[in-house]
Amino acid sequence: MSIAGGVVIFTVIWWIVFFMALPFGVRNPAETGAELVPGQEHGAPVRPMLWRKAAITTVIAVIATVLLWASSEYGWVDWRGLIDPGA
């Protein structure tokens, strides 16, 4: 796997995991008893914890990218055979 390929794979994995992590731990003002600011959406999260979710996402994406790299480098899985069985 080239460096550019690794960066692309890491970026794709990072965004997929980040979007999956966004709903976890989110509470809206009705659930926490917080007061709404005029014009605020009723479902807007009180504390979205984006930095924490981004950090956890980065760790997961690094681990997944390293596993994919090791798999292609050491031949754990024949990725080309999965895509084109006749090859």
Side-chain angles (χ1 to χ4, degrees):
M1 173 186 318
S2 66
I3 293 175
V7 170
V8 168
I9 289 173
F10 172 81
T11 304
V12 169
I13 291 172
W14 193 93
W15 280 106
I16 290 171
V17 173
F18 184 67
F19 282 128
M20 288 176 11
L22 281 176
F24 289 106
V26 174
R27 296 185 177 258
N28 62 24
E31 294 173 336
T32 60
E35 232 178 271
L36 285 174
V37 177
Q40 179 181 355
E41 172 62 35
H42 296 287
V46 175
R47 290 187 60 222
M49 299 178 290
L50 292 178
W51 287 109
R52 181 177 177 193
K53 290 176 184 179
I56 292 169
T57 298
T58 302
V59 170
I60 293 171
V62 165
I63 291 169
T65 304
V66 167
L67 286 173
L68 284 171
W69 169 81
S71 174
S72 71
E73 185 71 22
Y74 298 114
W76 296 342
V77 176
D78 181 22
W79 296 104
R80 294 184 193 267
L82 290 174
I83 295 171
D84 185 16

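When a residue number appears, it is its place in the shown sequence, counting from 1.
Connection of Met20 to Ile60 is not established within any shared hydrophobic cluster, with ILVMFWY side chains joined at heavy-atom distances below 4.5 Å, either directly or through further cluster members. No continuous path of hydrophobic side-chain contacts links Val12 to Val59 [ILVMFWY only; heavy atoms under 4.5 Å]. Taking hydrophobic clusters as Ile, Leu, Val, Met, Phe, Trp and Tyr residues chained together by side-chain heavy-atom distances below 4.5 Å, Ile63 does not share a cluster with Val77.
At a threshold of 4.5 Å between non-hydrogen side-chain atoms, the residues Val26 and Lys53 count as touching.
Partners of Phe24 under the ring-ring contact (aromatic ring centres under 6.0 Å, His included) rule, at least two apart in sequence or in another chain, do not exist in this structure. Looking at residues two or more places apart in sequence or on another chain, you find a side-chain contact (heavy atoms from CB on, under 4.5 Å) between Asn28 and Ala30, Glu31.
Distance CG/Leu67 to CH2/Trp76: 6.5 Å, rounded to 0.5 Å. Here CD1 of Ile83 is found 9.5 Å from CG of Asp78. Values are rounded to the nearest 0.5 Å.
Nearest approach of Glu35 to Gln40, heavy atoms of both residues: O-OE1, 4.2 Å. Scanning all heavy atoms of the two residues, the minimum distance from Val46 to Ala34 falls at CG2-CB, 4.4 Å. In plain terms, the two heavy atoms of Pro29 and Ala44 that are nearest each other are CD-O, 3.1 Å.
Other members of the cluster containing Leu50 are Phe10, Trp14, Trp15, Phe18, Phe19, Leu22, Val62, Val66, with ILVMFWY side chains joined at under 4.5 Å, either directly or via other members.
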